[in-house]
There are 2 protein chains.
Amino acid sequence: MDKDLENIKTTLDVVCGKWKAVVLYKLTSGTLRFGEIKKQIPLIKHQTLIKQLKELEEDGLINRKSYPEVPPKVEYSLTDYGRDLEYLLTHLVEWGNEHNRLSYRAEKELEET
Amino acid sequence: MDKDLENIKTTLDVVCGKWKAVVLYKLTSGTLRFGEIKKQIPLIKHQTLIKQLKELEEDGLINRKSYPEVPPKVEYSLTDYGRDLEYLLTHLVEWGNEHNRLSYRAEKELEET
DNA sequence: TAAAGTGGTATATTTTAATATACCAAGGAG
DNA sequence: CTCCTTGGTATATTAAAATATACCACTTTA
């Protein structure tokens, strides 16, 4: 039984959706509405954001608060569980910053911007 | 231009192959032969390991040293560039450990063991 | 002389993730 | 009235990642 291996998988599984870590990082600054998240991550697609938010919620990392208004208003925020990722997220940013030579694949993807 | 977003993508892109972070973590303890890595990560498939090692090498995170012997002997080790990930990797392990409730998806995957 | 061992290549197939497209509810603005 | 708004649902399609399968080189061991 390799516990380290399981632990890494646990964390990655929760963070490694195409934009999950970015979404979580945005939420570290505070509660955001669905549309605000979308605006702050211009490349993300509507469906993709919806699915990733749902998974993050299922995994207990974010709260979803829906107001009974029309047009709808839905706010997302980090749970305590998710807030524990904050430290890790800043390290994701830092490593990327210090090694700002984009990877071959990341570059290929972002150049469509 | 959202630099944080790019930085996160850079890091994730390098780490988020199915077993990449685990491979890197194993290598933090020192140089390993191909077969040793495979043995330490029983669930990884031959082809998958080969591909991920190649990508890690392309991204400059690991060194590949091949000895002209038969049967072949190939050793993998972290580059300085990759060693800078060590801190991040230990945090991946830690968060997973502190939140050892496996995510819905991670559980589903590992239960086939 | 046949078989085993290592770290691959090449190719096809399956599984998973991301994307595109169309549609909805119901209140307010014009 | 009609259109716009927001945050979705449902479905189909495409792209990407992982897996399966077969094969190879050459030396050593049995």
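So you know, we letter chains A, B, ... as the sequences are listed, proteins then strands, and number each from 1.
The stretch residues 39-50 of chain A participates, sequence neighbours left out, in these side-chain hydrogen bond (donor to acceptor under 3.5 Å, both in side chains) pairs: A:K38-A:H46.
If you measure from atom CD of B:E55 to atom P of D:dA18, you get 8 Å, rounded to the nearest angstrom. Going from atom NZ of B:K38 over to atom C1' of D:dT19 covers 13 Å, rounded to whole Å. Straight-line distance from the CG atom of B:L32 to the C1' atom of C:dT6: 15 Å, rounded to whole Å. For the pair B:L56 CG and D:dA17 P, the interatomic distance rounds to 13 Å; values are reported in whole Å. The separation between B:W19 atom CH2 and C:dT16 atom C1' is 16 Å, rounded to whole Å. To the nearest angstrom, P of C:dT16 lies 14 Å from NZ of A:K20. Rounded to an integer number of Å, the gap from OH of B:Y67 to C1' of D:dT27 is 19 Å.
Of the residues in residues 21-29 of chain A, not one comes within less than 4.0 Å of DNA chain C through any heavy atom.
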Tell me, with the steps shown, if B:R64 and B:E75 meet salt bridge (Lys or Arg N to Asp or Glu O under 4.0 Å). CA-CA 6 Å; B:R64 178 181 181 280; B:E75 287 181 344; over 6 Å; no

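Between A:T48 and C:dT19 there is a side-chain N or O to OP1 or OP2 distance below 4.0 Å.
Put simply, the side chain of A:K51 and the base of C:dA18 share a donor and an acceptor less than 3.5 Å apart.
Under the 3.5 Å distance criterion, with hydrogens and angles disregarded, a donor-acceptor pair is assigned to the side chains of A:Y25 and B:D4.
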Strictly under 4.0 angstrom, non-hydrogen atoms only: write out the protein contact profile of nucleotides 2-9 of chain D, one letter per nucleotide from the 5' end, B, S or -. ---BBSBB

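Each of B:T79, B:N63, B:L78, B:I62 was checked for a side-chain contact (heavy atoms from CB on, under 4.5 Å) with B:L56, and the lone residue meeting it is B:I62.
Taking the six-membered ring where the residue is Trp, B:Y87 and B:H91 present perpendicular rings, their angle passing 60° and hence far from 30°.
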